[in-house]
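Being a predicted model, the structure only gives us computed values, none of them experimental.
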Amino acid sequence: MIVDNGIVDALEMDEVTPSRLTAGALSRRSFLVGSAIGLGALALSGCATGGMSLAEAEKAYGPVPDERFPIPAVAVSKIDPKFYRRTVRYDTKEVAGTIIVDPSHHYVYRIEGEGNATRYGASVGRAGFLWSGDAYIGRKAEWPVWTPPREMILRQPEAAKYAGGMPPGLDNPLGARTLYLYQNGAYTLYTLYSTRVAETIGKGISSGCIGLLTQDMIDLYSRTPVNTKVVVLRA
C-alpha cells in the first residue's frame, strides 16, 4: 500500500495485542504475514441522490487549516467521481448511525435512516487480506500514535525506529482520525483510518484496514460515537 510515509505494511498495526476472539470473530487470515500495506444480507439500490460536481468536490476536499497539523487539499482530479462523498438510497434493517463497509465496491456507508445513507469512497484490503463480520467502534482517536507490531518489525527492520511509536502528524499512516474495530471487548487489529493519498481510493491495497480520504474521515468520525455497530460485508 502507498501511504504517506511509504512504510510497507504500516496498517498491520497497533500497540494492542488482541485477545483470542470467539467463533464468528473477524478473520485475520494472513494479517500478520502480509507484505503490502496495507452479516447478514443487505440490499443496496445504488441510486445516488446527492452527488458532487467537481467544483463542489474541490470545496469539500479543500484544505483544513485549523487542524493540529494543517491538512492540504485533496487532488480530486486523481479520484474517480463515483468515490466522492454523496447521499444514496440504501435499503437495510440496520439502525441509523451504523457503518457498513462494502469492500467489493470500495465504499463505506453511514446509515442515515429513511432509506438513505452517506457513502464514502474507500481503500480496502488487498486480495488475501479481505475479511468480513460484525464489530463495533471500541475506541477512537484524533491524530493517533502509530506503533508497528513486533511481527512487522521482524519482517521489515526499517520499521524498528518506530517501535516506541510514531508521533502524530501528516506522515503518520493513521492520519488525522482513526476508528478502532472491536469484538467482545478485544481489539481486532482493524481500523477505519484517514489517508491523504488520493490514488488509493477505490483500490485494494492494505492488510485489511479501511482508508477514507482525510476530509471524509473527519466527517464520519465526528458523527460516530464509541460502540457504533460496524458491518463488513463479504467481498
**Request:** May I ask you to decide if Gly62's main-chain N or O and Gln215's side chain share a donor-acceptor pair within less than 3.5 Å?
**Result:** yes
Worksheet item: Relative to the ring of Phe69, is the ring of Trp143 parallel (under 30°), tilted (30 to 60°) or perpendicular (over 60°)?
Response: perpendicular
Query raised in the report: Should Ile71 and Ile218 count as side-chain neighbours, where that means a heavy-atom distance under 4.5 Å?
Result: yes
> Do the non-hydrogen side-chain atoms of Asp134 and Lys229 ever get within less than 4.5 Å of each other?
Replying inline: yes
Between Leu181 and Ala135, the two heavy atoms sitting closest are CB-CB, 4.3 Å
Distance-only, no hydrogens or angles: does the Tyr84 side chain make a donor-acceptor pair with backbone N or O of Gly121 under 3.5 Å? no
- Answer yes if Leu213 and Leu54 sit in the same cluster of Ile, Leu, Val, Met, Phe, Trp and Tyr residues linked by side chain heavy atoms under 4.5 Å apart, and no otherwise. yes
dist Arg139:CZ -> Thr191:OG1 (nearest 0.5 Å) comes out at 9.5 Å
Taken to the nearest 0.5 Å, the spacing of Asp171 CG from Met166 CE works out to 5.5 Å
Interatomic distance, OG1@Thr118 vs CG@Asp216, rounded to 0.5 Å, equals 10.0 Å
When rounded to the nearest 0.5 Å, the distance separating CG of Leu174 from CG of Leu192 is 11.5 Å
Tightest non-hydrogen contact, residues Ser123 and Thr200, listed as CB-O, 3.2 Å
With side chain to side chain contact (heavy atoms under 4.5 Å, CB included) as the test, would you mind laying out the steps for Arg110 and Tyr90 before giving the verdict? CA-CA 10 Å; Arg110 181 188 186 274; Tyr90 196 105; over 6 Å; no
For Tyr180 and Ala141 the tightest heavy-atom approach is CE1-CB, 4.0 Å
Which is it for Tyr193 and Asn172 under the side chain to side chain contact (heavy atoms under 4.5 Å, CB included) test, yes or no, and what are the steps along the way? CA-CA 11 Å; Tyr193 69 97; Asn172 186 301; over 6 Å; no
Could you check whether any side-chain heavy atom of Val88 comes within less than 4.5 Å of a side-chain heavy atom of Tyr109, counting everything from C-beta outward? yes
Non-hydrogen side-chain atoms of Arg85 and Met52 separated by less than 4.5 Å
yes
### Steps toward side chain to side chain contact (heavy atoms under 4.5 Å, CB included) verdict (Ile111, Thr92)
CA-CA 8 Å; Ile111 303 306; Thr92 178; 3.8 Å; yes
Value for CD1 (Ile137) from OH (Tyr221), rounded to nearest 0.5 Å, stands at 10.5 Å
dist Lys161:NZ -> Ile153:CD1 (nearest 0.5 Å) comes out at 12.0 Å
Item checked: Side-chain heavy-atom pair Leu233, Tyr107 within 4.5 angstrom cut-off -> no
So do Tyr120 and Met217 actually touch side chain to side chain, heavy atoms under 4.5 Å? no
In short, Glu114 meets Arg89 closest at the heavy-atom pair O-NH1, 3.0 Å
Do Val145 and Pro168 touch side chain to side chain, with heavy atoms closer than 4.5 Å? yes
How about Trp146 and Thr178: do any of their side-chain heavy atoms sit closer than 4.5 Å? no
- [ ] Would you please test Arg223 and Glu112 for salt bridge (charged side-chain N to carboxylate O under 4.0 Å, His left out) and show each step?
- [x] CA-CA 11 Å; Arg223 300 193 291 148; Glu112 306 295 351; 2.9 Å; yes
Of Val101, Ile100, Ile99, Val108, the one forming a side-chain contact (heavy atoms from CB on, under 4.5 Å) with Val232 is Val101
Hey, mind stepping through Val230 and Leu179 against side chain to side chain contact (heavy atoms under 4.5 Å, CB included) and telling me if it holds?
CA-CA 10 Å; Val230 179; Leu179 298 172; over 6 Å; no
All heavy atoms of Pro144 vs all of Gly175, minimum pair found to be CD-O, 3.4 Å
Closest non-hydrogen atoms of Ala198 and Val74, given as atom of the first, atom of the second and distance, are CB-CG1, 4.0 Å
**Study point:** Parallel, tilted or perpendicular: rings of Tyr136 and Tyr182 (30°, 60°)
**Key:** tilted
